[in-house]
2 protein chains.
Amino acid sequence: RIVAEVERVLGPNDLDGVRLVVSAGGTREPIDSVRVIANRSSGKQGYAVAAEALARGASVTIVSTVSLPTPPGAVVVPVETAAEMHAAMNAAADDHDVVVMAAAVADFRPASAATGKIKKRDGVPEIVLEPTPDILAGLGENKRAGQVLVGFAAETDDLIANATSKLEKKRLDLIVANDVGAPEVGFAHDTNAVTLLRPDAKPVEIDLAAKRDVARAVIDTIVDIRRTR
Amino acid sequence: RIVAEVERVLGPNDLDGVRLVVSAGGTREPIDSVRVIANRSSGKQGYAVAAEALARGASVTIVSTVSLPTPPGAVVVPVETAAEMHAAMNAAADDHDVVVMAAAVADFRPASAATGKIKKRDGVPEIVLEPTPDILAGLGENKRAGQVLVGFAAETDDLIANATSKLEKKRLDLIVANDVGAPEVGFAHDTNAVTLLRPDAKPVEIDLAAKRDVARAVIDTIVDIRRTR
């Protein structure tokens with residue numbers, strides 16, 4: 001009776017005993033010792049997913065490029081570059097049941113970082129770029145039986161088509177499609193508006209809502225995916 | 001007697017009635033709608049200068065690229081790019097007695113930002129760069145009589161020589177030279193180690209100290225410059 005009362009107050013413990021890892025923030029790729037190519041992601045949506053998962057009973061690891069307050073109970077693995085995030089997420093995927101890639105990972109990086117600081121008097125530098133590894137595709141290839149893999153697609157054009165293509169190619173169980181060009185949506189905002197896409201389910205649209213509410217919808221869907229297996 | 005007691009407790013009001021503007025953070029230059037070229041500056045040293053100036057009685061404006069807590073009493077002008085910071089600092093210089101450029105400004109930026117998000121499937125983009133305006137040099141050229149202009153030099157090589165050259169060329173009254181390659185120094189750290197350089201005074205070295213202590217030494221020097229005029 002007391003347990004039920006606590007559960008009623010605290011909400012469902014439907015991720016009890018589940019290990020969830022979520023990446024958060026944007027990667028930073030060094031140009032030289034002071035400059036980087038960065039993504040605008042604030043990490044807020046990833047941290048909201050972590051906080052919601054913790055509230056639902058999960059053990060949570062956050063692979064993070066940002067220094068937001070750590071939700072009580074979470075383990076934070078700090079990373080900066082796409083290569084560091086790649087290594088940390090691959091390691092975490094080995095012993096986590098749910099893997100959520102909420103971070104914005106650089107698709108390209110300077111092929112080599114300059115030593116020290118590029119001097120203005122040396123003129124405008126040429127920055128040669130190279131592609132970074134596709135972390136989410138790698139996680140999809142190596143997905144373990146029973147593991148749930150969730151991606152985010154931040155798009156400015158052809159949102160649903162691009163996100164559906166990623167869902168299929170990267171063997172995801174859920175993709176959270178995010179029109180970052182819309183007002184009050186995505187990077188740095190406290191609100192978000194997304195569409196949840198699954199391989200064999202109708203799209204679910206979440207209208208403009210707090211990032212914690214979006215996180216709740218994402219976790220609800222993860223619980224549903226796990227239940228229907 | 002009460003006023004004196006309050007002054008003793010609160011420290012010297014030696015910037016009473018003085019208007020000080022300080023820039024803080026690193027500029028971000030858009031590559032496309034989600035990616036930027038950024039500088040690593042956390043804005044902490046600039047905000048520490050603002051807090052110290054407020055404690056000493058100044059009216060303070062912060063031209064900021066970051067979202068740190070606003071020190072009580074300060075006015076914050078939010079900016080993102082070097083062009084926005086250029087405009088904001090030029091406007092502020094018109095009616096501020098002390099101008100401190102603590103921000104890390106991009107020396108170069110993408111010549112044009114892509115519309116929307118560059119797609120990975122389109123391959124690695126070529127980013128053509130162009131120089132940004134030298135904000136500090138412009139402030140030096142237009143320096144009003146009696147105005148105090150302070151710059152920061154974040155260097156990884158030939159610190160004193162590079163900073164001294166900037167001090168002279170940009171008509172600064174003080175440059176805070178900052179070896180950002182040293183441990184525990186500069187970007188993101190809460191501590192800093194700097195050398196204060198003036199046109200006609202011996203260099204003053206501040207060993208590794210809290211950024212607020214560095215700010216106190218900077219404000220002490222500004223007060224001294226104003227007093228000896």
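Chain naming here is simple, since letters A, B, ... match the order of the sequence lines and numbering starts at 1 in each.
Checked by atom type and distance alone, the side chain of B:Asp158 never pairs as donor or acceptor with a backbone atom of B:Ala161 at under 3.5 Å. A donor-acceptor pair under 3.5 Å is absent between the side-chain atoms of A:Glu168 and the main chain of A:Pro199, judged by distance alone.
Under the 3.5 Å distance criterion, with hydrogens and angles disregarded, no donor-acceptor pair is assigned to the side chains of A:Glu155 and A:Asn178.
Residue contact with chain B, scored on non-hydrogen atoms closer than 4.5 Å, involves the backbone of A:Glu130 exclusively. The contact between A:Asp134 and chain B is made by backbone and side chain atoms together, counting heavy-atom distances below 4.5 Å.
Of the listed residues B:Ile127, B:Ile118, B:Val128, B:Ile37, the one with more heavy-atom pairs under 4.5 angstrom with chain A than any other is B:Ile37.
Between A:Phe152 and the choices A:Lys166, A:Gln45, A:Met101, the side-chain contact (heavy atoms from CB on, under 4.5 Å) rule is met once, by A:Gln45.
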